[in-house]
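Owing to the predicted nature of the structure, the values given are computational and were not obtained by experimental measurement. All heavy atoms count here, side chains included; hydrogens, waters and symmetry mates do not.
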Amino acid sequence: MKRREFLAVLGGAALSRPGMATADTPGRLYRVGTVTPIAPVTAESRGGKILIKVLEERGFRLGQNLAFEARGALGDVTMLPALIAELKAKSVDVIVIIGYPTAMAAKAAGIATVAASGVGDPVETRLIESLAHPGGKITGISDVAATLSAKRLSLLKEVSPKLSKVAMLWNKDDLGMTMRYQASAKAAQALGLTVQALGVREPDDFDEAFSVMSGDLPDGILMVADALTILNRERVFEFAAVRRLPAIYEFDEFARDGGLMSYGADSAESFERAAALVARIFNGANPGDLPFELPTRYPLVINLKTAKATGLEIPPTLLALADEVIE
């Protein structure tokens, strides 16, 4: 069995047997925190509800033996170390994080950490030693950008058969996302596509990117997700709609929020996996000894409402492949 298959199976087994790890220390309060570079993942949010549900299945119940703290930097990544320090001061047992900058801040703080998504390739960025043995105090869910990039581009080509030039938007101040862009650019070149590289560092940079695309119109857009691009996603949606450009995004939330389509790891599964890892840490496991897991579900989500509003035709063959169609 290949390593990737082994890790995926291992993670699936941990999810499928909720009774294998339960809270068994009477009177103890277990504390979990969440930290993101954008809005906090609260107990009422979609991701927070998933975390709490899975933890409750393992015996950790909010308001009884489980406390939940949420922090979000709202786009200002310089706040991340202070937010993590707050949780560390509150004696949080483990934090669930999103994003490569958050992971690096957590690593520097030496706090037990589970990465739910958005950390890029953790080995290539030297966040961890290896997927099988991360080391330190971090584990989580890994990305597989190199294999997903070619698939995203092929899906884009389904919508735009004459695709020859693709614009790529990414935050070039984020090492994890820069490496994901590089994987996407490499995949595009292998497919004979020209890449229009549009790295951004701050919100104002999107205006320049739109100006570049207006003057040299691409055939489609691929956007790499991080805090900066997530917070400015509606501007990209609007530009793509006005120019009638097909665009593909990495996470399912983008298509549900108004983007044309997305292909990537299932965000719900990522939080389920993260919660299962948190439960193991509550029960005494060292995060650095728990393998980074790979997602097993990669849904294709198509927003047919957006397609119709912008005059883009989605081929029936592509609709038939979709895991979710928003009408």
Side-chain angles (χ1 to χ4, degrees), residues 1-25 28 30-36 41 47-48 50-60 65-66 68 84 87-88 91-100 102-144 176 265-297:
M1 181 179 287
K2 295 180 180 179
R3 182 179 68 173
R4 176 173 296 171
E5 294 170 344
F6 168 74
L7 294 177
V9 169
L10 179 63
L15 270 178
S16 65
R17 293 187 289 163
M20 67 183 294
T22 58
D24 56 4
T25 305
R28 178 177 173 184
Y30 297 84
R31 296 176 173 87
V32 62
T34 63
V35 186
T36 83
V41 176
I50 293 171
L51 288 173
I52 290 170
K53 178 179 181 294
V54 175
L55 286 171
E56 286 185 342
E57 291 171 352
R58 286 157 172 75
F60 304 98
N65 62 347
L66 177 68
F68 192 100
I84 290 170
L87 295 182
K88 189 172 183 179
S91 299
V92 168
D93 296 290
V94 58
I95 60 172
V96 177
I97 63 96
I98 292 175
Y100 174 75
T102 320
M104 291 301 293
K107 181 178 180 179
I111 189 169
T113 302
V114 174
S117 71
V119 296
D121 185 325
V123 178
E124 288 295 320
T125 59
R126 298 188 178 181
L127 175 65
I128 61 174
E129 296 173 10
S130 71
L131 292 179
H133 301 285
K137 293 188 176 182
I138 186 168
T139 185
I141 314 302
S142 178
D143 294 322
V144 283
D266 186 313
S267 58
E269 183 198 26
S270 294
F271 276 99
E272 290 168 1
R273 289 283 193 86
L277 289 167
V278 169
R280 294 179 69 181
I281 295 168
F282 280 166
N283 281 284
N286 175 33
D289 294 333
L290 300 176
F292 254 74
E293 298 176 0
L294 298 173
T296 62
R297 301 198 299 262

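No donor-acceptor pair closer than 3.5 Å links the side chain of Asn65 to the backbone N or O of Arg28. In terms of modelled atom types and a separation under 3.5 Å, the side chain of Lys88 and the main chain of Ile111 share no donor-acceptor contact. Between the side chain of Thr139 and the backbone N or O of Leu290, at least one donor-acceptor pair lies under 3.5 Å. A donor-acceptor contact shorter than 3.5 Å links the side chain of Glu269 to the backbone of Thr296.
Side-chain atoms of Val32 and Phe282, non-hydrogen and from C-beta on, do get closer than 4.5 Å to each other. Looking only at side-chain heavy atoms (C-beta outward), Leu131 and Pro291 stay at 4.5 Å or farther from each other. Side-chain contact between Ile97 and Val119: present, with at least one pair of heavy atoms (C-beta onward) separated by less than 4.5 Å. Using a 4.5 Å heavy-atom cutoff, the side chains of Ile128 and Val123 are in contact. When side chains are defined from C-beta on, Val96 does not count as touching Val41, because their heavy atoms never get closer than 4.5 Å.
In this structure, Ala103 and Ile138 approach most closely via the heavy-atom pair CB-CD1, 4.2 Å. Residues Met104 and Leu127 come closest through the heavy atom pair SD-CD1, 3.7 Å. Pairing each heavy atom of Asn286 with each of Gly136, the nearest pair is OD1-O, 3.7 Å. The minimum heavy-atom distance between Arg58 and Ala279, with the atom names listed, is CD-CB, 3.4 Å. Smallest separation of non-hydrogen atoms from Ala116 and Ile98: CB-CG1, 4.4 Å. Of all heavy-atom pairs between Val94 and Val92, the closest is O-CG1, 3.0 Å.
Note that the CG atom of Asp266 and the CD1 atom of Ile141 stand 11.5 Å from one another [nearest 0.5 Å]. Residue Ile281 holds its CD1 atom at 10.5 Å from CG of Asp289, rounded to the nearest 0.5 Å.
At most 12 non-hydrogen atoms from other residues, nucleotides or ligands lie less than 6.0 angstrom from NZ of Lys137.
The aromatic rings of Tyr30 and Phe60 sit perpendicular to each other, their planes meeting at more than 60°, with 30° as the lower class boundary.
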